[in-house]
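Worksheet: one structure, shown below.
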Amino acid sequence: MEDDCRPLLSSEQTGESYSHRGSVDSLDVKVKRPFHVEPRNIVDDDPQERVSAEAAILNNRVHYYGRLTGSSDRLLSPPDHVIPRPEEIYIYSPLGTAFKVTGSDHASKNPSIITIFAIWNTMMGTSILSMPWGIKQAGFTLGVVILIFTGLLMLYCCYIVLKSPKAISSVDTSNWEFPDVCRHYFGKFGQWSSLVFSMVSLIGAMVVYWVLMSNFLYNTGQFIYNHAHNVSVSDSEFGTNGSDRVICPYPSTDPGRNDTINILYLSSSGNDTSDGSSFEHYWSKTNTVPFYLIILLLPLLCFHSASFFARFTFLGTISVIYLIVLVTFKAVRLGFHLEFHWFDSTQFYVPEFRLLFPQLTGVLTLAFFIHNCIITLMKNNRHQENNVRDLSVAYLLVGLTYLYVGVLVFASFPSPPLFKDCIEPNFLDNFPTSDKMVFVARTFLLFQMITVYPLLGYLVRVQIMTQIFGNQYPSFFHVLTLNVLIVGAGVLMARFYPNIGSIIRFSGATCGLALVFVFPTLVHMISLRRQGRLSLPSALFHSFLILLGVANLIAQFFL
């Protein structure tokens with residue numbers, strides 16, 4: 001067992017390319033560690049033709065030369081004829097499967113600019129729609145400070161996750177992900193706990209997507225119906241007049257009202273009308289539209305592969321860019337409406353510091369969350385020595401994007417005549433259905449989410465089914481049962497609690513507790529302790545991060 005834990009080729013042999021081992025598509029056969037596996041573990045239709053007795057003999061030879069390379073004599077490095085041919089090299093996964101190397105072209109790696117925008121695009125999600133609401137809940141000044149502070153904390157914890165595999169020198173961690181690191185330090189408990197909390201973030205995102213898709217589909221259908229039947233928007237809505245109309249769907253004269261409670265009780269009947277028209281009866285945001293989505297999305301979730309939907313990920317970038325353009329245009333047309341009242345509320349403005357600020361921290365925990373896939377994203381970076389710099393730049397861009405949208409929407413919200421408390425968890429709800437620019441934004445986001453939703457379902461299925469059954473598609477019945485449960489959760493939330501702000505903050509605080517604060521900091525402290533480098537200030541600081549994560553989750557239940 002001790003022999004199996006030693007690297008087959010030492011770091012002297014691999015040199016600077018050791019950090020590139022994780023990429024399947026850019027493996028250099030002369031400097032990467034070959035690994036022989038049994039045919040039954042190889043992902044291929046005909047594995048018997050891939051692994052032969054000769055390959056096993058080569059593997060034994062490399063073991064032998066691996067002992068010799070422990071010395072300082074570089075002449076004892078394995079000669080070229082010992083290294084297996086490309087078609088005989090496999091990357092071994094900790095889950096018990098092996099993947100064939102498809103090439104050794106180092107040029108397939110991504111430059112830093114591509115890596116940075118890949119992280120930005122991955123992190124940009126539905127949370128951007130809740131940024132103005134989150135800033136409103138915390139207060140304008142405190143909200144800006146919390147956004148910057150939380151972004152820095154999340155960046156540091158993400159940095160810990162990124163470097164955590166490299167701190168383990170006893171085994172080859174080139175193909176490890178963070179759940180594997182957790183398994184190394186905490187055993188099965190760490191592996192399964194990280195899986196569970198990762199599922200919380202993914203399923204939470206799918207629930208938010210269902211609520212938003214119901215919202216966008218309803219408003220899109222309403223726009224088309226009104227335009228086809230020349231129906232004008234009623235001026236009875238509580239809002240502003242003019243070409244850039246802004247509305248308050250659930251007006252209240254109480255500046256300190258709790259938006260969560262109001263939306264919970266008003267959303268069920270907020271879109272129903274008393275005229276008894278057939279269209280309004282069958283086209284309701286909460287009563288019917290969430291169920292219509294089942295017809296479209298449930299079959300898509302049952303696809304054996306989600307590769308088709310991965311081709312449409314560019315829609316996410318287009319949607320975010322269009323949202324930035326939309327927010328900029330509206331802010332220019334509406335102007336800024338700000339008054340600074342530091343602790344006391346007024347009729348139209350909220351104070352700069354509010355006790356509801358944990359709602360923003362919960363949203364931001366999910367908004368900046370990329371910790372469960374950052375190792376994979378960074379493996380494809382061409383210059384591994386720039387990983388920390390590229391990660392920091394990506395977080396800077398994400399933070400600036402959130403700050404730009406949140407500040408501009410909050411500042412340009414017309415108060416008076418409307419209250420700042422009218423800003424909705426989805427700021428697009430503050431614009432009427434008849435707004436053409438907002439209609440385009442909703443349509444873009446609807447199509448983007450329809451393509452991303454099956455991808456999220458595929459990730460959930462692969463992780464859950466592989467861990468439980470050892471097969472990502474054990475049977476159609478298993479997959480259908482899982483998908484029905486996920487879709488059912490989305491439908492129930494869209495029907496009875498369509499508040500994406502609260503859903504995001506609860507799921508963000510829950511998954512963030514484990515995958516952002518607890519596991520990364522514990523792994524970091526254990527690693528430093530084993531190296532004899534754990535100081536008292538470091539232990540206190542990282543323990544404080546764990547307490548912040550716990551407090552962030554607990555606070556969500558009291559607001």
Side-chain angles (χ1 to χ4, degrees), residues 119 122-123 125 127 134 138 145-165 167 177-187 189-205 357-375 377-378 388 391-392 394-395 398-399 402 502-529 534-559:
I119 297 173
T122 304
M123 216 182 301
S127 302
V145 172
I146 287 178
L147 195 152
I148 297 173
F149 177 73
T150 305
L152 292 174
L153 282 183
M154 297 288 286
L155 170 61
Y156 176 72
C157 293
C158 194
Y159 162 73
I160 293 177
V161 172
L162 179 62
K163 73 172 187 177
S164 60
E177 301 295 340
F178 191 61
D180 303 309
V181 176
C182 294
R183 180 179 62 179
H184 174 80
Y185 285 102
F186 309 112
F189 171 78
Q191 181 183 13
W192 282 97
S193 298
S194 61
L195 174 67
V196 168
F197 286 103
S198 179
M199 291 301 97
V200 170
S201 65
L202 287 174
I203 296 176
F357 70 88
Q359 295 186 358
L360 175 59
T361 61
V363 171
L364 291 175
T365 306
L366 191 62
F368 286 109
F369 181 72
I370 198 175
H371 301 62
N372 59 344
C373 61
I374 189 61
I375 296 177
L377 289 173
M378 281 303 187
V388 176
L391 178 64
S392 302
Y395 259 85
V398 172
Y402 287 148
S502 291
I503 300 173
I504 290 174
R505 66 185 178 92
F506 274 107
S507 58
T510 302
C511 73
L513 173 63
L515 299 180
V516 175
F517 296 105
V518 175
F519 282 150
T521 51
L522 287 179
V523 164
H524 184 63
M525 286 192 290
I526 294 174
S527 175
L528 290 178
R529 183 178 180 182
L534 181 62
S535 61
L536 180 60
S538 177
L540 292 176
F541 172 72
H542 291 93
S543 299
F544 175 69
L545 291 182
I546 296 176
L547 292 178
L548 281 181
V550 174
N552 185 35
L553 177 60
I554 294 176
Q556 307 305 321
F557 295 93
F558 294 94
L559 298 174

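Keep in mind that what you see is a predicted model, and the values were worked out from it rather than measured. Keep in mind that the numbers below use all heavy atoms, side chains included, and drop hydrogens, waters and symmetry copies.
Atoms SG and CZ, from Cys158 and Phe178 in turn, are 10.0 Å apart once rounded to the nearest 0.5 Å. Distance OH/Tyr402 to CZ/Phe368: 6.5 Å, rounded to 0.5 Å. One distance of note links OG1 of Thr521 with CD1 of Ile546; it measures 3.5 Å at 0.5 Å rounding. In this structure, OG on Ser527 lies 12.5 Å from CG on Leu522, to the nearest 0.5 angstrom. Interatomic distance, CG of Leu513 versus OG1 of Thr365, reported as 10.0 Å (0.5 Å rounding). Note: Arg505 CZ to Thr510 OG1 = 10.5 Å, rounded to the nearest 0.5 Å.
The shortest non-hydrogen separation linking Gly549 to Phe517 is CA-CD1, 3.5 Å. Across all their heavy atoms, Cys182 and Gly190 have their closest contact at CB-O, 3.6 Å. Nearest heavy atoms, Ile504 versus Ser127: CG2-OG, 4.0 Å. Summarising the geometry of Val161 relative to Ile375, their closest heavy-atom pair is O-CD1, 3.6 Å, with the distance given to 0.1 Å. Residues Leu366 and Gly508 approach most closely at CB-CA, 3.6 Å, considering heavy atoms. When all heavy atoms are compared, the tightest approach of Val523 to Ser164 is CG1-CB, 4.0 Å.
In terms of modelled atom types and a separation under 3.5 Å, the side chain of Ser392 and the main chain of Val388 share a donor-acceptor contact.
The aromatic rings of Tyr156 and Tyr159 lie tilted to each other, with the angle between the two planes from 30° to 60°.
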With side chain to side chain contact (heavy atoms under 4.5 Å, CB included) as the criterion, how do Ile119 and Ile374 come out once you've worked through the C-alpha distance, each side chain's angles and the decisive distance to 0.1 Å? CA-CA 8 Å; Ile119 297 173; Ile374 189 61; 4.0 Å; yes
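The shortest side-chain heavy-atom distance between Gln556 and Thr361 falls under the 4.5 Å cut-off. The side-chain heavy atoms of Leu152 and Tyr395, taken from C-beta on, include no pair separated by under 4.5 Å. When side chains are defined from C-beta on, Leu515 counts as touching Ser198, because their heavy atoms get closer than 4.5 Å. In this structure the side chain of Ile160 never reaches within 4.5 angstrom of the side chain of His371, judged on heavy atoms. You'll find the side chain of Leu377 reaches within 4.5 Å of the side chain of Ile370, heavy atoms only.
Qualifying side-chain contact (heavy atoms from CB on, under 4.5 Å) partners for Leu360, counting only residues two or more places apart in sequence or in other chains: Ala138, Ile146, Leu364. Checked against side-chain contact (heavy atoms from CB on, under 4.5 Å), Leu534 has the following partners two or more places apart in sequence or in another chain: Met525, Leu528, Arg529, Ser538, Ala539.
Aromatic rings of Phe519 and Phe186 (six-membered ring for Trp) have centroids within the 6.0 Å cut-off, being under it.
In Phe541, the CZ atom is crowded: over 12 heavy atoms of neighbouring residues, nucleotides or ligands sit closer than 6.0 Å.
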